[in-house]
Engineer: 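Before I ask anything, here is the structure I am working with.
Just so you know, these numbers come straight off a predicted model, no measurement behind them.
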Amino acid sequence: MTMHIKVRRVEWLAIALLISLQATMLTWSARQPEHVNGVPILRVAAPKTERVSASISPYGPGFEQELLALFAAEKGYHLEIIEVDSPAQAMQALEEGTVHLVVGLGGKAPESLASPIVAGPAYATSRPILLHSSKRYTLRDEQEICDNPILTTQQRYLADTLSDAAEGVNCVPWTSKVDGVRVTPILDTLNEDRARFALVDDWSYSLWQPFFLSVKPAKTINREINYRWFWRSEYEDLHKALTDFWQEREQDGQIATLHERYFGFLPEEADYYELVNLSDSIRTNLPRYSDSILKYSKKYDIDPLLLAAVIYQESRFDADATSKTGVKGLMQITQSTARVLGVDRNDPRQSIKGGAKYLKMLWSEFESMDLDPWDRWFFTLASYNQGLGHVQDAINLSRSMGGTGRTWHDLKKVLPLLAWEKYYSQTKYGYSRGYEAVHYVENIRYYYYIMHGLVGLARPEAEHLGTLLSAVPSSWPVI
């Protein structure tokens, strides 16, 4: 009997040892990546947010995804992205060694991390913003932070910053956390007047704000939310590759360029009247011209939604629109340009044809520069507004001031300088209202983004936009 008990104990000890060994091997296998065709696999945990994986943006697969793709291409890794529901779940996977890298997390700079986890440098910053339903009172005094339930996500730093903000009134905030980290359920709750307050980061709010018009800002909390990557340092090759990657990014400006494409067009403060007008115009005026937009966007290889956004910016879909400078029609074409293009600018359909043709002509002028496709389109739009010569002047000015002259991020800095004699006196084409070109391009980018999002969210306007989105040329720079 005694011998039997000892044998059973030995058996259980062996089983426990085997389980422990298997767990260790699984953890180690994550730290020492498997390979695909000789390329090491990099497993990445990321929360389900718009900044990580874009669901409404037309400008690419997502800011974080493009950063990861850039890292993988430069350093030779095969990416496997694992979506998680919360920052805690992502960090747990990293601590357990089932992933090598965590991205897309924001919060306070960590004071310490358990070895071997290390934090990369902060590469973006946002702030917490308290929102309210416009169908209820906004924040009238600080005490109301503690008197009302405040919806927030599973991101702990949001609740922490709210607690810090409440210290001045000696109260404890009442937070109600939703599942996961996506802000859309929260915005929808406020939009439908099922709650009064919510707390999100201002970056997320600015991305979703055009689609939730009954949600408005009440208070921005003066706390920084820093975004950074986290990884395990004991995998030496990966640790060195990531360290080098971020050092290189501090020097080459690629983060700023990528940030500009995904977020640079978002206004600091939304014009609610304009957003309502855009929605109304899509439903009532756009359908009159959809056939022509489809026809000429196909002929000239332009995204129909972008062409629609240009028309809205130019004339608000008013075929009789006339400016004080003499441009007329849906696409606001000058008489001389209409003559060159061979169109009657007073005819709505010919105006669309002429505008699309002119955009394509301008696009072709940048062929030799071998620009990123999106930057090339932004240069094209600026040329449509101020003229090709002035954009060429801005490119040259950017280069003379140490810029590349090859990105919209660079060009939008120098275009406004063309209104200053100090700068335009050095150029070939002279004075230009370059600041108008920047405003013009950013407006079109914003309207284009909104139109794309309305379709993705299946909003009522999608009925009039869906056919345009489905006709995007295969050559269009959507990734």
Engineer: Does Thr189 use its side chain to pair, donor to acceptor, with the backbone of Pro185 at less than 3.5 Å?
Structural biologist: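 Here the side-chain-to-backbone pair exists.
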Engineer: Please confirm whether the backbone N or O of His409 pairs with a side-chain atom of Glu260, one donor and one acceptor, at under 3.5 Å?
Structural biologist: no
Engineer: Is there a donor in the side chain of Asn277 and an acceptor in the side chain of Tyr312, or the other way round, less than 3.5 Å apart?
Structural biologist: yes
Engineer: Do the side-chain N and O atoms of Glu66 and Tyr262 include a donor-acceptor pair separated by under 3.5 angstrom?
Structural biologist: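 Present: a donor and an acceptor within the cut-off.
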Engineer: Supply the atom-to-atom distance Phe197 CZ to Thr138 OG1, rounded to the nearest 0.5 angstrom.
Structural biologist: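 One gets 6.0 Å once the value is rounded to the nearest 0.5 Å.
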Engineer: Working to the nearest 0.5 Å, report the span between CD of Glu268 and CG of Asp202.
Structural biologist: 10.5 Å
Engineer: Less than 4.5 Å apart, any side-chain heavy atom of Leu105 and any of Arg228?
Structural biologist: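 No; the side chains remain at least 4.5 Å from each other.
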Engineer: Is the shortest side-chain heavy-atom distance between Leu258 and Leu67 below 4.5 Å?
Structural biologist: yes
Engineer: May I have all residue pairs that pass salt bridge (Lys or Arg N to Asp or Glu O under 4.0 Å) and include part of residues 376-390, sequence neighbours excluded?
Structural biologist: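 As it turns out, the salt bridge (Lys or Arg N to Asp or Glu O under 4.0 Å) pairs with a partner in residues 376-390, which skip direct neighbours, are Glu367-Arg376.
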Engineer: Restricting to salt bridge (Lys or Arg N to Asp or Glu O under 4.0 Å), what partner residues turn up for Arg433, sequence neighbours left out?
Structural biologist: Glu436
Engineer: Given side chains that start at C-beta, do those of Met331 and Ile311 come closer than 4.5 Å, heavy atoms only?
Structural biologist: yes
Engineer: Only one of Glu64, Gln65, Lys48 clears side chain to side chain donor-acceptor pair (under 3.5 Å) with Ser53; which?
Structural biologist: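 Per the side chain to side chain donor-acceptor pair (under 3.5 Å) rule, the option paired with Ser53 is Gln65, out of Glu64, Gln65, Lys48.
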Engineer: For a 4.5 angstrom cut-off between non-hydrogen side-chain atoms, does Leu151 reach Leu190?
Structural biologist: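 Yes, at least one pair of side-chain atoms sits under 4.5 Å.
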Engineer: Strictly by modelled atom types, are Tyr384 and Gln313 linked by a side-chain donor-acceptor pair under 3.5 Å?
Structural biologist: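 On atom types as modelled, these side chains do not qualify, holding no pair under 3.5 Å.
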Engineer: Going through the checks in order, is the side-chain contact (heavy atoms from CB on, under 4.5 Å) test met by Phe263 and Leu207?
Structural biologist: CA-CA 8 Å; Phe263 315 115; Leu207 286 168; 3.8 Å; yes
Engineer: Nearest heavy-atom pair of Thr380 and Leu359: which atoms, and what distance?
Structural biologist: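 Closest heavy-atom pair between Thr380 and Leu359: CG2-O, 3.4 Å.
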Engineer: On the 0 to 90° scale, with breaks at 30° and 60°, tag the Tyr227-Tyr123 ring pair as parallel, tilted or perpendicular.
Structural biologist: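 Ring orientation of Tyr227 relative to Tyr123: tilted.
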Engineer: Identify the heavy atoms of Ile293 and Pro304 that sit nearest to each other, and give their distance.
Structural biologist: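 Nearest pair, atom of Ile293 first, then Pro304: CG2-O, 3.6 Å.
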Engineer: Could I get the full list of side-chain hydrogen bond (donor to acceptor under 3.5 Å, both in side chains) partners for Ser400, not counting sequence neighbours?
Structural biologist: none
Engineer: Have Thr404 and Asp410 got a donor and an acceptor in their side chains that come within less than 3.5 Å?
Structural biologist: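 The answer is yes; a qualifying pair exists.
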Engineer: Is the backbone N or O of Leu294 less than 3.5 Å from a side-chain atom of Ser297, with the two atoms forming a donor-acceptor pair by type?
Structural biologist: yes
Engineer: What is the ring orientation for Trp208 with Phe211, classed by angle as parallel under 30°, tilted 30 to 60°, or perpendicular over 60°?
Structural biologist: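 Aromatic pair Trp208/Phe211 classed perpendicular.
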Engineer: Could you report the tightest heavy-atom contact between Leu465 and Met451, atom names first, then the distance?
Structural biologist: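 In terms of heavy atoms, the two residues are closest at CD1-O, 3.7 Å.
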Engineer: Sub-3.5 Å donor-acceptor pair from the side chain of Thr257 to the main-chain atoms of Gly253, do we have one?
Structural biologist: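 Yes.
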Engineer: If you count every heavy atom of other residues, nucleotides or ligands that lies below 6.0 Å from Glu463 atom CD, does the total exceed 12?
Structural biologist: no
Engineer: Under the side-chain contact (heavy atoms from CB on, under 4.5 Å) criterion, do Leu415 and His390 qualify, and how do the steps go?
Structural biologist: CA-CA 8 Å; Leu415 272 167; His390 292 304; 5.7 Å; no
Engineer: Just by distance, with hydrogens left out, do Asp318 and Ser315 show a side-chain donor and acceptor under 3.5 Å apart?
Structural biologist: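 No, because no side-chain N or O of Asp318 sits under 3.5 Å from a partner of the opposite role on Ser315.
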Engineer: Before we go on, tell me: are the rings of Phe265 and Tyr59 under 6.0 Å apart, centre to centre?
Structural biologist: yes
Engineer: Examine Arg261 relative to Phe63 and say whether NZ or CZ is less than 6.0 Å from the centre of the six-membered ring and inside a 45° cone about the ring axis.
Structural biologist: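 No.
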Engineer: Holding to salt bridge (Lys or Arg N to Asp or Glu O under 4.0 Å), I want the full list of residues that pass it with Lys216, two or more places apart in sequence or in another chain.
Structural biologist: none
Engineer: Quick one: which of Leu242, Leu94, Val103 gives a side chain to side chain contact (heavy atoms under 4.5 Å, CB included) with Phe230?
Structural biologist: Leu94
Engineer: For Lys135 and Ser214, work out which heavy atoms get closest and say how close.
Structural biologist: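 Shortest heavy-atom separation between Lys135 and Ser214 comes out as CE-OG, 3.7 Å.
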Engineer: Do Tyr446 and Pro210 have side chains that get closer than 4.5 Å, going by heavy atoms?
Structural biologist: yes
Engineer: Got more than 12 heavy atoms from elsewhere within 6.0 Å of NZ, Lys240?
Structural biologist: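 Atom NZ in Lys240 is not packed in, count stays at 12 or less.
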Engineer: Kindly give the heavy-atom pair with the smallest separation between Val84 and Ala45, and that separation in Å.
Structural biologist: CG1-CB, 4.2 Å
Engineer: Would you say the side chains of Ser57 and Glu50 form a donor-acceptor pair under 3.5 Å?
Structural biologist: no
Engineer: Is there a donor-acceptor pair closer than 3.5 Å between any side-chain N or O of His452 and the backbone N or O of Ile56?
Structural biologist: yes
Engineer: Determine whether more than 12 heavy atoms belonging to other residues, nucleotides or ligands lie under 6.0 Å from atom NE2 of His439.
Structural biologist: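 No, because the 6.0 Å sphere around NE2 of His439 holds 12 heavy atoms or fewer from other groups.
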Engineer: Please test Glu224 against Thr125 for side-chain hydrogen bond (donor to acceptor under 3.5 Å, both in side chains), starting from the C-alpha separation and ending with a verdict.
Structural biologist: CA-CA 6 Å; Glu224 285 192 351; Thr125 301; 4.7 Å; no
Engineer: How about Leu411 and Arg406: do any of their side-chain heavy atoms sit closer than 4.5 Å?
Structural biologist: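 They are not in side-chain contact.
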Engineer: Scan residues 269-296 for pairs that pass salt bridge (Lys or Arg N to Asp or Glu O under 4.0 Å), counting only residues two or more places apart or in two chains.
Structural biologist: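 Applying salt bridge (Lys or Arg N to Asp or Glu O under 4.0 Å) to every pair that reaches into residues 269-296, excluding sequence neighbours, yields Glu274-Arg316, Asp280-Arg283, Arg283-Glu461.
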Engineer: To the closest 0.5 Å, what do you measure between OG (Ser351) and CD1 (Ile333)?
Structural biologist: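 That separation rounds to 4.0 Å.
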Engineer: Looking at His239, is its backbone amide N or carbonyl O close enough to the side chain of Thr243 to form a donor-acceptor pair, meaning the two atoms are under 3.5 Å apart?
Structural biologist: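 Between the backbone of His239 and the side chain of Thr243 there is a qualifying donor-acceptor contact (under 3.5 Å).
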Engineer: Taking the six-membered ring for Trp, are the ring centroids of Phe379 and Trp363 within less than 6.0 Å of each other?
Structural biologist: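 Between Trp363 and Phe379, which both carry aromatic rings, the centre distance is not below 6.0 Å.
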Engineer: Do Trp408 and Trp377 have ring centres separated by under 6.0 Å?
Structural biologist: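 Aromatic pair excluded; centres sit 6.0 Å or further apart.
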Engineer: Got Leu341 and Met361 here, is their nearest side-chain heavy-atom distance under 4.5 Å?
Structural biologist: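 Yes, side chains in contact.
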Engineer: For the residue pair Gly180 and Thr153, what are the closest heavy atoms and their distance?
Structural biologist: O-CB, 3.7 Å
Engineer: Test: side-chain hydrogen bond (donor to acceptor under 3.5 Å, both in side chains). Region: residues 327-340. Which pairs qualify, not counting sequence neighbours?
Structural biologist: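 Qualifying pairs: Lys328-Asn346, Thr334-Ser336, Thr334-Thr337, Gln335-Arg345.
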Engineer: Quick one: does Lys360's side chain get under 4.5 Å of Lys357's, heavy atoms only?
Structural biologist: no
Engineer: Between the side chain of Tyr205 and the main-chain N/O of Val215, is any donor-acceptor distance below 3.5 Å?
Structural biologist: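 Looks like yes, one N/O pair under 3.5 Å.
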Engineer: Are Phe245 and Phe71, when compared by the centres of their aromatic rings, separated by less than 6.0 Å?
Structural biologist: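 Aromatic pair counts; centres sit under 6.0 Å.
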Engineer: With no hydrogens and no angle check, is any side-chain donor or acceptor of Asn385 less than 3.5 Å from a backbone partner on Leu381?
Structural biologist: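 Absent.
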Engineer: Please determine whether salt bridge (Lys or Arg N to Asp or Glu O under 4.0 Å) holds for the pair Lys75 and Glu248, giving the CA-CA distance in whole Å, both sets of side-chain angles, and the decisive distance to 0.1 Å.
Structural biologist: CA-CA 12 Å; Lys75 305 303 180 182; Glu248 292 156 6; 3.1 Å; yes
